Amino acid sequence: MNYNNILISLKDNISTIIINRPKKLNALNKETIEELHDAFYNANEDKNIKVIILTGSGEKAFVAGADISEFANFDVEEGTRLAAKGQEILFDFVENLSTPVIAAINGFALGGGLELAMACHFRVASENAKMGLPEVSLGVIPGYGGTQRLPQLVGKGLAMEMIMTAGMINAETALNYGLVNHVTKQEELIPLCQKIASKISNNSSVAISAAIKAVNANFKDGVNGFHVEVTEFGNCFGTEDFEEGTSAFLEKRKADFPGC
Ligand code: COA
């Protein structure tokens with residue numbers, strides 16, 4: 001697939017996907033969502049890629065939301081389809097990838113932009129970042145998982161306030177809320193994400209993907225996370241990574257995980 005709206009680079013087993021519509025503050029139109037699905041799918045299939053960093057192009061925005069111009073005339077059926085399709089091919093898809101995804105929030109992360117950052121496994125922000133779910137100011141609600149993931153990350157009360165006021169919070173407040181894990185200067189954002197990614201990439205990718213499944217299970221209706229943990233824990237004992245990890249420890253050397 002040729003991409004019109006995203007850029008991809010690869011360095012040391014770390015893939016960086018950049019949403020590249022800076023003139024529209026990287027707003028998510030249909031084509032961008034489809035391209036992101038394809039890029040995430042391919043990165044997840046590529047065993048050389050250990051971590052994915054997602055960021056926005058330019059210095060102003062991560063993503064300023066879903067592209068309002070595309071859905072302004074939608075009816076009930078089209079609105080329902082928009083949310084369902086987006087959640088399926090991008091937001092839920094990213095959350096359930098077996099490769100870790102870090103959101104590098106380099107500016108505005110609003111509406112669908114914050115929802116995309118929240119679908120990533122964790123978030124790092126630059127000092128100029130601004131985050132919010134402004135949908136109710138447009139007469140709609142967050143439709144890409146925002147009403148579910150924001151309370152999971154910051155708690156129900158803060159999520160309710162952010163959603164109801166449609167306001168923006170700055171990076172420092174987001175850090176206090178636990179919405180982002182770290183805040184750094186803009187020029188240090190990608191280097192910091194790469195440093196964290198590099199630490200992750202030294203570990204067993206098989207165990208990491210099992211950990212993602214187990215942690216996510218805690219937030220899935222009708223799924224017992226403890227049971228998922230037991231199963232995933234047990235499965236690890238059948239992997240080459242487990243053999244290598246435990247042998248390396250006992251032999252007092254650094255593990256070199258085969259990733260299977
Ligand atoms: N959808 C479509 N286009 C968007 C967009 C969005 N979510 N967010 C920004 N843009 C476009 C603007 O229309 C403008 O395009 P134009 O130059 O062709 O007119 C361009 O990006 C630059 O945005 P602009 O509003 O001029 O920048 P600003 O610095 O004055 O304001 C924001 C920045 C983020 C405060 C403002 O763009 C904004 O409120 N965007 C919408 C945020 C939102 O409600 N998102 C949730 C959608 S559900």
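Note: hydrogens, waters and symmetry copies are ignored here, and every other heavy atom, side chains too, is used. Each ligand, and each atom within it, is numbered from 1 in the order the structure gives. None of these values were measured; they are calculated from a predicted model.
Taking only non-hydrogen atoms, the option from Gly112, Ala66, Ser137 nearest to atom 6 (C) of ligand 1 is Ala66. Closest to atom 43 (C) of ligand 1 by heavy atom, among Pro134, Ala109, Gly132, is Pro134. Considering only non-hydrogen atoms, atom 45 (N) of ligand 1 lies nearest to Ala64 out of Pro22, Gly111, Ala64.
A donor and an acceptor atom, one from each side chain of Asn42 and Asp38, are located under 3.5 Å apart. Side chains of Thr239 and Asp241: no donor on one and acceptor on the other come within 3.5 Å. No hydrogens or angles considered: nothing links the side chains of Ser126 and Asn106 as a donor-acceptor pair under 3.5 Å. Neither side chain, Asp12 nor Ser201, offers a donor N or O lying under 3.5 Å from an acceptor on the other.
When distances from atom 31 (O) of ligand 1 to the protein are checked, no heavy atom turns up under 4.0 Å. Put simply, atom 18 (O) of ligand 1 has protein non-hydrogen atoms near it, under 4.0 Å away. There is a protein heavy atom less than 4.0 angstrom from atom 27 (O) of ligand 1. Per-atom contact check: atom 38 (C) of ligand 1 does not touch the protein, criterion being a heavy-atom distance below 4.0 Å. Checking atom 13 (O) of ligand 1 against the protein gives no heavy-atom contact under 4.0 Å.
Atoms of ligand 1 lying under 4.0 Å from at least one heavy atom of Leu110, given by number and element, are 34 (C), 42 (C). Residue-ligand proximity, Lys23 to ligand 1, at heavy-atom distances under 4.0 Å covers atoms 20 (C), 21 (O), 22 (C). Every atom of ligand 1 is numbered from 1 in the order shown, and the set under 4.0 Å from a heavy atom of Asp67 is 1 (N), 2 (C). For ligand 1, the atoms sitting less than 4.0 Å from at least one non-hydrogen atom of Leu138 are 44 (O), 47 (C), 48 (S), numbered in the order shown with element in parentheses.
Close N/O approach between Ile68 and ligand 1 is found [any backbone or side-chain N/O within under 3.5 Å]. Close N/O approach between Lys24 and ligand 1 is found [any backbone or side-chain N/O within under 3.5 Å].
Here the heavy atom of the protein found nearest to atom 29 (O) of ligand 1 is Lys60 NZ, 2.6 Å. For atom 24 (P) of ligand 1, the nearest non-hydrogen atom of the protein is Leu25 CD1, 4.5 Å. Ranking protein heavy atoms by distance to atom 5 (C) of ligand 1, first place goes to Ala27 CB, 4.0 Å. In this structure, the protein non-hydrogen atom closest to atom 35 (C) of ligand 1 is Met168 CE, 4.0 Å.
Around CZ of Phe237, the count of heavy atoms belonging to other residues, nucleotides or ligands within 6.0 Å exceeds 12. Atom CG of Asn73 has 12 or fewer heavy atoms from other residues, nucleotides or ligands within 6.0 Å.
How far CD of Gln87 is from CG of Leu82: 10.0 Å, rounded to the nearest 0.5 Å. Remark: Met131 CE to Ile105 CD1 distance equals 4.5 Å, nearest 0.5 Å.
Of all the heavy atoms in Glu70 and Phe74, the pair that sits closest is O-CE1, 3.2 Å.
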* Asked: Can you check side-chain hydrogen bond (donor to acceptor under 3.5 Å, both in side chains) on Thr173 and Asn176, steps first, answer last?
  -> CA-CA 5 Å; Thr173 305; Asn176 289 337; 5.4 Å; no

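With respect to Asn5, the side chain to side chain contact (heavy atoms under 4.5 Å, CB included) criterion is satisfied by exactly one of Thr32, Asn26, Leu36: Thr32.
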